[in-house]
Number of protein chains: 2
Amino acid sequence: MIRRKPAEDRKADIVEALLRLADRIGPDRLTTNDIAREVGVTQAAIFRHFPTKADLWSSVGEVIAERLHLAWDQALAGRGAPQDQLRGLIAAQLRQIEACPALPAILHSRELNVDNAFLRDRFRGLLAQYQAHLVACLEDMGKEGAIRADIAAQDAAILLTSLVQGIAIRWGLGAHGFSLEAEGLRLLDLQLSLLAGKPG
Amino acid sequence: MIRRKPAEDRKADIVEALLRLADRIGPDRLTTNDIAREVGVTQAAIFRHFPTKADLWSSVGEVIAERLHLAWDQALAGRGAPQDQLRGLIAAQLRQIEACPALPAILHSRELNVDNAFLRDRFRGLLAQYQAHLVACLEDMGKEGAIRADIAAQDAAILLTSLVQGIAIRWGLGAHGFSLEAEGLRLLDLQLSLLAGKPG
DNA sequence: ACCTCTTGTAAGTAATCAACCACTAACATT
DNA sequence: AATGTTAGTGGTTGATTACTTACAAGAGGT
């Protein structure tokens, strides 16, 4: 038999294994057998720690939500200029995706969005919160004249979240062939210079 | 028993049913049973028309590729100003997604990207071609002074494709609560005015 | 009206899925 | 060293998966 671990540790192992496999196999194709093999236990062991597969996904969702929330709070904690806060928010998002490439796929997976209504609403609220942070930063920047006056902060926020999503997709398709954070921040600066209305 | 159709018609029915269900159920969770029920035939009937499920997906891929190609050609056929061609290309993409909401999910599905190497490469080439069209339009616009001189056409193209992807995602999450084409073109015009460096 | 392909079905297959069971080895506490 | 608890196993469940085979019946041409 394998080395035994306290339930909390093993639970974390299982969630981590799922996160790793979700990128390789795909969130909607993962089986409990796949996960068990990755962890190094039998399939039945998964069900000792999570009553059902749906419960396992719920835990995964909670872990992701916590990480994102923490990353955003840290980005906003500095209390620097609104530009810096904005950059921090975007950088945090890019780093989260780089650390867990399955994140976009999971966020849009049917597993979480169709089967688990609670988590779907939770994530929807979470992303709305992120968008609200961006809008707040952009409004502050607008008052300082760092954003063109004819641009609504809401629309600018949409452009920025789209940018992150678009680059993340390109990063995934290109087999992670470049630094997501570096490329993302480069294009962010470009977009910010466009929004400012003057060359960067 | 049901009304019998010529094989070509039934094949098209099956592909259409898959496209419809892919949006509701998810591309990677779709079963041949789901498809058969949607079409209104037995599961075995699917295999009369497609030897394997993978062959069915190949047909779906071909249909999508043809539609996209056709839509792009029509957008470029007008031979108007580069701005109009660009707008046409983006509008075509938005309309394709609106007509077939499962398109983004299918394009990024494991079904097509992991299991079917041929189609994956086919789509990768197709999207590269689209990007090349955008870059060509943007370069022409740059020569006419419609794009700020300090912006590379390649980067501008990335911003625009990201915009389409981002809005499509928002449209999907919001249960198609707004007109994708209208909202997309509105933000496109906004981004173009940013790229031009002068208020729209 | 008949004949003949073609389209469809009913009833299977083996493989795999999530989940359950009785049981046991490892661990902590005493 | 004895005892109770917990993590993990092997074996099995019924449901579901993609796919097959043998047979029936509709539709079109003559």
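Quick note on labels: first sequence line is chain A, next is B, and so on, each numbered from 1. Side chains are part of it too, since the values below use all heavy atoms of this structure and drop only hydrogens, waters and symmetry mates. Worth saying up front: this structure is predicted, and the values here are computed from it rather than measured.
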TODO: Among the candidates dA11(C), dC20(C), dA27(D), find the nucleotide nearest to the side-chain atoms of R3(B).
DONE: dA27(D)
Open item on the list: Distance alone, cut at 3.5 Å: any donor-acceptor contact between the side chains of R170(A) and T161(B)?
Closed with: no
Open item on the list: Rounded to whole Å, please give me the gap between CZ in F47(B) and C1' in dG8(C).
Closed with: 15 Å
- [ ] Output the residues of residues 8-43 of chain A in contact with DNA chain D, where contact means a heavy atom of the residue under 4.0 Å from an atom of the strand; sort by number or write none.
- [x] R10(A), V41(A), T42(A)
Open item on the list: Under 4.5 Å between side-chain heavy atoms, counting indirect links through other Ile/Leu/Val/Met/Phe/Trp/Tyr residues: same cluster for L159(A) and L94(A) or not?
Closed with: yes
TODO: Measure from the side chain of R4(A), starting at C-beta and using heavy atoms only, and say which of dG8(D), dT20(D), dA18(C) lies closest.
DONE: dG8(D)
Task: Integer-rounded Å distance: dA18(D) P and W57(B) CH2 - done: 11 Å
- [ ] Please examine the side chains of L112(A) and R120(A), heavy atoms only from C-beta on, and report whether any two atoms are closer than 4.5 Å.
- [x] no
TODO: Give a yes/no answer on whether the side chain of H49(B) brings an N or O atom under 4.0 Å of OP1 or OP2 in dG8(C).
DONE: yes
TODO: Mind telling me whether Y130(B) and W72(B) have parallel, tilted or perpendicular rings, with 30° and 60° as the class edges?
DONE: tilted
TODO: Answer yes or no: is there an ion pair linking D84(B) with R87(B), defined by an N-O contact shorter than 4.0 Å?
DONE: no
Open item on the list: Could you tell me how far apart I46(B) (CD1) and dT20(D) (C1') are, to the nearest whole angstrom?
Closed with: 15 Å
TODO: For the side chain of R48(B), starting at C-beta, report the closest nucleotide among dG8(D), dC19(D), dT9(C).
DONE: dT9(C)
- [ ] Send over the distance from K53(A) NZ to dC20(C) P, rounded to a whole Å.
- [x] 14 Å
TODO: Answer whether the closest heavy-atom distance between the side chains of L119(A) and E62(A) falls below 4.5 Å.
DONE: yes
- [ ] Mind calculating the distance between CG (D55(B)) and C1' (dT20(D)) to the nearest angstrom?
- [x] 15 Å
